[in-house]
**Q** 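My structure is below; once you've seen it, I'll send some questions.
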2 protein chains.
Amino acid sequence: MSMGNNYELYKVFYWAAKTGSLTQAAKALYLTQPSVSHAIKQLEESFGVSLFYRNSKGVELTQEGMVLYSYIEQSQILITLAEEKMAALKNLDSGELRIGGSDSLFKHYVLPYLEQFHKLHPGVKLHLNHGTTPEVITFLKEGRIDLGVVRMPIVDPQLQVTESFQLQDCFVAGARYAELKNEVLTLDALLQYPIILFSRNSRARMTITELFHNYGYSIKPEIEVGSVDLLIEFARRGLGISYVTREFVSKELEEGSLFEVSLDIPLPPSHVGLLTMRNMPLSSAAKTFIGLVK
Amino acid sequence: MSMGNNYELYKVFYWAAKTGSLTQAAKALYLTQPSVSHAIKQLEESFGVSLFYRNSKGVELTQEGMVLYSYIEQSQILITLAEEKMAALKNLDSGELRIGGSDSLFKHYVLPYLEQFHKLHPGVKLHLNHGTTPEVITFLKEGRIDLGVVRMPIVDPQLQVTESFQLQDCFVAGARYAELKNEVLTLDALLQYPIILFSRNSRARMTITELFHNYGYSIKPEIEVGSVDLLIEFARRGLGISYVTREFVSKELEEGSLFEVSLDIPLPPSHVGLLTMRNMPLSSAAKTFIGLVK
DNA sequence: GTTACCCATAGACATGGTCTATATCTCCTG
DNA sequence: CAGGAGATATAGACCATGTCTATGGGTAAC
């Protein structure tokens with residue numbers, strides 16, 4: 001009575017019962033007939049019960065064998081489904097990809113990659129969770145997202161950071177300030193104009209504030225807004241000069257509804273990073289997506 | 001991509017996921033922690049996917065691991081149920097016993113054993129299929145019954161016969177023929193009385209016919225009936241002398257409503273045999289029942 | 001009678017699962 | 001901050017056991 005069989009035996013039993021032949025079962029399992037015979041015997045001895053009638057045509061389940069089969073069949077089917085499902089997850093025929101980040105980064109930066117990814121792997125469900133950088137980091141640590149897309153720099157020993165893309169922030173203005181189009185302004189000159197900045201707690205805002213401070217100036221916005229779309233819109237309507245990421249206004253720059261205001265100092269580039277948990281395995285979907293971005 | 005894992009790995013995975021700890025899983029499976037660690041790693045490599053996050057407190061399922069677990073959990077539960085069920089069948093806490101035979105043998109011979117068996121193993125369902133000897137043999141060969149209870153002799157190479165009990169056939173009469181009570185009749189004398197026999201195709205009928213034939217007589221019944229009950233009833237009512245199995249009329253003999261008619265020749269005993277298929281494994285229930293009878 | 005197809009058995013062999021020993025990491029505690 | 005407790009990972013040795021080949025026996029069909 002050593003209950004607790006090697007579960008491998010059930011696989012053999014399943015095929016023997018299903019095919020009604022130890023020989024056929026052996027072929028299905030890429031084994032030899034004696035191996036199957038031996039396996040069935042082991043099961044029978046462990047249960048102390050005969051599972052098959054042996055006859056010249058093959059084997060047939062006994063009453064007890066049928067009882068066992070009724071359980072094992074379901075069990076084996078589930079395992080087969082599990083293996084298929086795992087293969088699907090691996091091949092990205094299925095599964096999900098959960099990304100966290102800010103709306104503007106999603107819209108202007110992540111979207112094309114997502115489209116590409118979705119085209120390649122339409123079976124993978126996409127979940128976008130928007131939030132601020134600290135929120136995204138929390139999501140990551142709670143396992144609610146697979147990766148985060150945020151502005152650099154991030155310093156957190158638990159996080160793996162992949163700097164993936166460089167963005168260039170700049171000042172832009174609309175037709176109202178057309179006279180600045182071919183000028184190169186000093187900081188002092190710039191500050192004569194009304195400035196529109198992103199709200200106080202954003203990384204871009206902190207960066208530009210610090211930069212001006214280093215040059216001995218203090219930048220105080222006329223207008224503060226909470227979304228990149230508003231930064232763009234206000235600049236277009238001539239309410240002031242907006243500090244935005246150049247890549248996010250490429251359309252407006254092309255069509256001429258906005259132009260870049262040149263300065264006599266270089267503005268620091270900002271980096272976008274992909275955040276993942278360090279020492280945590282990535283899902284196939286996340287791995288593939290990151291590969292796509294790089 | 002060598003899909004087709006050793007199913008034993010799923011058992012390990014199940015316990016690791018269930019306990020949230022490789023160490024605990026190892027204890028549950030009577031393995032060491034490195035063995036479990038190794039097993040999980042094999043699964044992960046075969047799927048090309050991480051199944052667990054490892055942390056200092058133990059392990060936690062990844063998204064993919066959860067998917068796998070949702071299948072494997074059911075599968076393992078089914079296997080556990082299967083093993084419990086098989087143990088129950090072995091212990092005769094469950095299962096069924098299917099016996100074929102004639103109604104009279106059931107009533108007069110098998111019943112006490114069935115009662116005893118049922119008392120010992122109330123979980124085993126009993127199925128009685130009545131039929132003639134050839135029918136019972138057919139049932140056996142078709143696997144519709146586990147064993148048959150019939151009169152001997154049976155000659156069939158496919159059948160295993162266990163002679164289990166000896167019955168003595170005899171002639172009995174009722175009050176109407178009270179004058180024979182202390183007589184010892186010759187066959188000749190007996191044949192002066194009306195004889196009641198079982199129907200033509202029964203083994204008892206053939207036996208007695210042949211016996212008389214060997215002594216140079218021909219026995220021709222006044223009345224032929226199709227059941228033992230009628231044989232008894234007719235004799236009691238004085239319609240003639242019935243040839244019955246003594247053990248089947250023990251009650252009537254005791255209470256005096258019938259008495260045995262002695263003859264000057266010995267009547268051959270008849271044997272009841274338990275029939276099973278030769279070279280076919282017996283269910284636990286059948287094995288136990290046969291043991292009980294012997 | 002003979003062929004062909006089953007399953008059972010025996011015994012040799014080698015794969016691979018399991019072990020011990022050790023490393024590494026994290027968390028918690030004094 | 002050092003050190004202990006407890007978690008998993010790794011390396012390497014060993015031997016159990018699963019698998020094979022070879023063979024036997026039985027039955028059905030031609």
Side-chain angles (χ1 to χ4, degrees), chain A residues 2 4-46 50-62 65 141 143 156-160 277-281, chain B residues 2 4-46 50-62 65 141 143 156-160 277-281:
Chain A
S2 69
N5 279 307
N6 187 324
Y7 284 12
E8 198 68 1
L9 297 179
Y10 295 123
K11 179 158 62 182
V12 178
F13 168 77
Y14 171 66
W15 282 97
K18 190 177 173 182
T19 62
S21 155
L22 304 196
T23 306
Q24 291 306 311
K27 281 179 188 163
L29 294 164
Y30 301 99
L31 291 175
T32 57
Q33 171 266 317
S35 297
V36 173
S37 182
H38 184 227
I40 299 299
K41 192 173 194 182
Q42 275 186 76
L43 265 190
E44 289 182 324
E45 283 174 359
S46 84
S50 293
L51 298 172
F52 289 103
Y53 298 121
R54 276 77 165 171
N55 58 48
S56 62
K57 294 187 164 168
V59 294
E60 200 177 338
L61 286 169
T62 61
K141 292 185 177 174
D156 189 318
Q158 286 187 65
L159 300 180
Q160 172 75 256
M277 292 296 287
R278 186 184 300 278
N279 298 330
M280 286 278 198
Chain B
S2 69
N5 279 309
N6 187 324
Y7 283 14
E8 198 68 1
L9 297 179
Y10 294 123
K11 180 159 61 181
V12 179
F13 169 75
Y14 172 65
W15 282 97
K18 191 178 172 182
T19 62
S21 155
L22 304 196
T23 306
Q24 292 306 311
K27 280 180 188 160
L29 295 165
Y30 301 100
L31 291 174
T32 58
Q33 171 267 318
S35 297
V36 173
S37 181
H38 184 228
I40 299 300
K41 192 173 192 180
Q42 275 187 76
L43 265 190
E44 290 182 324
E45 283 175 358
S46 84
S50 294
L51 298 171
F52 290 103
Y53 298 121
R54 276 78 165 171
N55 58 48
S56 64
K57 296 190 165 168
V59 295
E60 201 178 337
L61 287 169
T62 61
K141 292 185 177 174
D156 188 318
Q158 286 187 64
L159 299 181
Q160 172 76 255
M277 292 296 288
R278 186 185 299 279
N279 297 331
M280 285 280 197

**Q** Calculate, to the nearest 0.5 Å, the distance between atoms OG and CD belonging to B:S50 and B:E45 respectively.
**A** 10.0 Å
**Q** Rounded off to whole Å, could you give me the CZ-to-P distance for the A:F13 and C:dC7 pair?
**A** 15 Å
**Q** At under 4.0 Å, does any side-chain N or O of A:S37 touch on OP1 or OP2 of C:dA8?
**A** yes
**Q** Looking only at atom types and distance, does a side-chain atom of B:T19 sit under 3.5 Å from a main-chain N or O of B:W15, one as donor and one as acceptor?
**A** yes
**Q** Nearest whole Å is fine: how far is C:dA8 C1' from A:E45 CD?
**A** 12 Å
**Q** Between A:L22, A:T23, A:V59, which is the residue that forms a side-chain contact (heavy atoms from CB on, under 4.5 Å) with A:V36?
**A** A:L22
**Q** Any salt bridge linking A:K11 with A:E8? Criterion: basic side-chain nitrogen under 4.0 Å from a carboxylate oxygen.
**A** yes
**Q** For D:dT8 and B:K41 - does any side-chain N or O of the residue sit under 4.0 Å from the phosphate oxygens OP1/OP2?
**A** no
**Q** To the nearest Å, how far apart are B:F52 CZ and D:dA7 P?
**A** 15 Å
**Q** Assign a letter to each nucleotide of nucleotides 15-22 of chain D from its 5' end: B, base within under 4.0 Å of a protein heavy atom; S, sugar-phosphate only; -, no contact.
**A** ---SBBBB
**Q** Does a side-chain heavy-atom distance below 4.5 Å link A:V12 with B:Y7?
**A** no
**Q** Given side chains that start at C-beta, do those of A:T62 and A:E44 come closer than 4.5 Å, heavy atoms only?
**A** no
**Q** Whole Å only: how far is the CG atom of B:L22 from the P atom of D:dT10?
**A** 12 Å
**Q** What's the verdict on side chain to side chain contact (heavy atoms under 4.5 Å, CB included) for B:R54 and B:I40, showing C-alpha distance, side-chain angles and the deciding distance?
**A** CA-CA 12 Å; B:R54 276 78 165 171; B:I40 299 300; 3.7 Å; yes
**Q** For each nucleotide in nucleotides 25-30 of chain D, reading 5' to 3', give B when a protein heavy atom comes within less than 4.0 Å of its base, S when such contact involves only the sugar-phosphate, and - otherwise.
**A** --SS--
**Q** Hey, does the side chain of B:R54 come within less than 4.0 Å of C:dC25's phosphate (OP1/OP2), counting only N and O?
**A** no
**Q** Please state how far atom NZ in A:K27 lies from atom C1' in C:dC5, giving the value in whole angstrom units.
**A** 10 Å
**Q** Look up atom CG in B:L29 and atom OG in B:S35, then write down how far apart they are to the nearest 0.5 Å.
**A** 10.0 Å
**Q** Considering just the side-chain nitrogens and oxygens of A:S21, establish if one lies under 4.0 Å of OP1 or OP2 belonging to C:dC7.
**A** yes
**Q** Can you tell me if B:K57 has over 12 outside heavy atoms packed within less than 6.0 Å of its NZ?
**A** no
